[in-house]
Amino acid sequence: MEICTPVPPTPQPESKPLVVETEMPVATVDAPVEKPKKKKKKKASYKSMMANMTKCNKNEATIQKEKENLRKVTGGGAFSKIDKI
């Protein structure tokens, strides 16, 4: 029987870690920019809404023209009372 002697490990050349030098963009840390908050639109109160709806915003000339146009379409509506036959 032969006796094996241990083999000394073979020296391997030291491998240098692979270093890749790349320029990474450096993020500048500024103060956090706050977005301007939008103000909510205030709802119109019932009182102001009704005041706007009942307010007359047309002048007399346009009102007369609209009335005349309605009379033309509806036939005028000038009837005399008919007596019983």
Asks: Looking at CD1 of Ile63 and CD of Glu68, how far apart are the two atoms once the value is rounded to the nearest 0.5 Å?
Replies: 12.5 Å
Asks: Does Asn52 reach the main-chain N or O of Lys55 with its side chain, forming a donor-acceptor pair under 3.5 Å?
Replies: no
Asks: May I ask you to decide if Ala44's main-chain N or O and Ser48's side chain share a donor-acceptor pair within less than 3.5 Å?
Replies: no
Asks: How many angstroms lie between CD in Glu66 and CG in Asn69, if you round to the nearest 0.5 Å?
Replies: 8.0 Å
